[in-house]
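What follows is a short report on a single structure.
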Protein chains: 2
Amino acid sequence: MDERVDKSAARRAELAGATLKTLSELGYARTSLREIAQNSDFSHGVLHYYFRDKVDLITHCVREYKAVCVTRYDQVVATATTPAQLQAGFLDKLAQTLVEEPHMHRLWYDLRNQSMFEESFRADVAAIDASLERMVWRVVSRFAELLDTPPRVSSATMYALFDGLFQQALLRQLAGDPDAAADLQAAVTSVVAQVVPLEREPVAG
Amino acid sequence: MDERVDKSAARRAELAGATLKTLSELGYARTSLREIAQNSDFSHGVLHYYFRDKVDLITHCVREYKAVCVTRYDQVVATATTPAQLQAGFLDKLAQTLVEEPHMHRLWYDLRNQSMFEESFRADVAAIDASLERMVWRVVSRFAELLDTPPRVSSATMYALFDGLFQQALLRQLAGDPDAAADLQAAVTSVVAQVVPLEREPVAG
DNA sequence: GGAAAAGCTTGACAGTCGTCAAGACACGGG
DNA sequence: CCCGTGTCTTGACGACTGTCAAGCTTTTCC
């Protein structure tokens, strides 16, 4: 019986993978079940054998997506012993994922946007957003710890800032701008210098 | 003859309005020409009388959208004579548009996202993004001028930061979070305090 | 007033969509 | 061997899509 559910879970994961691939290539608006099936080894009918409907399938995908993303910087956080090391490692991975996986990232932004229109996605999307926020905060708070300076903005704000920078960089990367990654690194460096600064006078006002 | 083109332009604008409304309600993925026509006084066939195809129609809409948005804060910039006035006016308008026009904003994010997948939208979207960046920069640079302190980040970075904050707030607003607007104002205030600070020691490193 | 032009509607076309029922295939236990 | 069960394919359904041609209505102009 365990074997049965394992098999079933594996197949679901396989189909979820094909779905993620399709979504990342075509975007939500043009992703159809038949197109997904063509990115897998099966026919379009099997999708309704493993998933209730299209929303169920995509929801499952979104959850799977989360697992991959959320640990991206954990290794860097775990091994870095100086602020400079941590910053360099983070910037490296940031640029790397921007250049190597832009399709995966646009898929995420597409789904998050879809959640603005379709309530069925909202809960899962919000959960992933929260996970990503924690991921970013692990990096930033560790950085602050190594610097012995508390961050000057909240976790939620910090995430929004990084997300905005990354999204602009992604737009440029997908438009073919060769400087997108380098400029992202520079911008992040500049912003971090402001919000997790070396010791300085407190801001008045 | 001028009268002809005026009439034609007016009708195009009218249909573009119906398109914007439909897009803001349903999102790009579920917006069809028949649905657009139902949001106007005409039948679906007329869309092909005034626009070559769907892409042409939506592209035209996007350009129209730009005109409305881009002057949102100009009045505030023109009238404010102190930093506090400018900041308060900006935060007011920011919260107001978040609460009153969330559908229009999700439409913009949806189309910008679509441009990650469809090259046909890319140029127009990039142009609007640049316009919005200039809009934000007019506010920030004026603020810095009134404070007699240069901003510590570039125009592009500043826009990305605001955009990230606004997008997070929009997600929360659309999910029904009653604190979305207030938290956005607080976050923007906090960030501005970091990147356009009152005089302080330069950041080392 | 009547013809020409512009504006708009209607209906059809070839596709595609999500969904699902019917049946084919594999496979292990009687 | 056959039967039952889990797995997968096939083909069909009604609905919906963008597009466009044919024709209707209104306006314009002589």
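- Side-chain atoms of Asp110(A) come within 3.5 Å of backbone atoms of Tyr28(A) as a donor-acceptor pair (strictly under, hydrogens ignored).
- Arg12(B) places its CZ atom 15 Å from the C1' atom of dG7(C), with the value rounded to the nearest Å.
- Atom NZ of Lys7(A) and atom C1' of dG28(C) are 13 Å apart (whole Å).
- Between Gln87(B) and Val188(B) there is no side-chain heavy-atom pair separated by less than 4.5 Å.
- Residue contacts shown for Tyr50(A) are limited to sugar-phosphate atoms, with no base heavy atom under 4.0 Å away.
- Arg106(A) contributes no side-chain N or O that, together with a main-chain N or O of Asn113(B), makes up a donor-acceptor pair within less than 3.5 Å.
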For residues 64-75 of chain B, run the donor-acceptor check on the side chains, cut-off 3.5 Å, and write out each pair with its distance to 0.1 Å, sequence neighbours left out.
residue  : atom : partner   : partner atom : Å
Arg72(B) : NH2  : Glu101(B) : OE1          : 3.3
Asp74(B) : OD1  : Arg138(B) : NE           : 3.2
Asp74(B) : OD1  : Arg138(B) : NH2          : 3.2

Discussion item. Does the protein touch nucleotides 9-21 of chain C at the base, only the backbone, or not at all? Give it as B, S and - per nucleotide, heavy atoms under 4.0 Å.
Written reply: BBBB----BBB--
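- Asp56(B) has its CG atom 14 Å from the P atom of dG18(D), to the nearest Å.
- Ala80(A) and Arg142(A) make their closest contact through O-NH2, 3.7 Å (heavy atoms, listed as atom of the first residue, atom of the second, distance).
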May I have the list of side-chain donor-acceptor pairs in residues 41-54 of chain B shorter than 3.5 Å, sequence neighbours left out?
residue  : atom : partner  : partner atom : Å
Asp53(B) : OD1  : Val55(B) : N            : 3.3
Asp53(B) : OD1  : Asp56(B) : N            : 2.9
Lys54(B) : NZ   : Thr31(B) : O            : 3.0

